[in-house]
Amino acid sequence: MDAANRLKVSSLHVTFMTEAESSAAAACGFLLRTDQQFHWENEAYSSFENFSWPLVVFPGAKNLRKERAAVREGGISFEWLAGNDITEAHWDAFFGFYMKTGRPKMGAPLPDPRVLQPDWR
C-alpha cells in the first residue's frame, strides 16, 4: 500500500466508511472487514436501569451491571470534557490507559501518542 509505505506504518485502518468509500478502498487493495456495530441513542434516560432494561437480551448485560457496581463501590468519579477543555495531560493519561489495555492484547508496539491527538488544537 502506497499510503502505508509513505507513512511508514505496518498497517492502515479506516473505519466507518460509506459504501462508496468502501468500494474505493477495496479497489486500492484494502482488506475489507464486515463487522456489526451497536449504535446507541440517548433517549433521555432518567437512570441506568431505564437504559439497561432492554439489555436483558444482551449476553453481557449482567456483567455490565457488575462492572458499574464495582466502579461505584470503588468511589470512582467521572469528569466529562470536550474540545479545548482536553489538555495535553489528559491526552497523556488517555495514552497510558490505551497502552495498558492494548499491549497485553496486541503484544505489539502501539502508535505514538500524537497519533491519538486531534489536530484541532
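Quick caveat, the model's predicted, so the values are computed rather than measured.
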If you compare all heavy atoms of L32 against all heavy atoms of M17, which two are closest, and at what distance to 0.1 Å?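 Minimum heavy-atom separation between L32 and M17: CD2-CE, 4.3 Å.
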
Minimum heavy-atom separation for T18 and E21, please, with both atom names.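 Closest approach of T18 to E21, heavy atoms only: N-OE1, 2.7 Å.
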
State the [atom1]-[atom2] distance between [X] and [Y], to the nearest 0.5 angstrom.
X	Y	atom1	atom2	value
F97	F95	CZ	CZ	13.0 Å
R68	E73	CZ	CD	12.0 Å
T87	L81	OG1	CG	8.0 Å

Any idea how F94 and W91 line up, ring-wise: parallel (<30°), tilted (30 to 60°), or perpendicular (>60°)?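 Answer is perpendicular, since the angle exceeds 60°.
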
Got L12 and F30 here, is their nearest side-chain heavy-atom distance under 4.5 Å?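 SC-SC contact between L12 and F30 confirmed.
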
Verify whether one side chain among E19 and S22 offers a donor that lies under 3.5 Å from an acceptor in the other.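 Not at all, the side chains of E19 and S22 share no donor-acceptor pair under 3.5 Å.
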
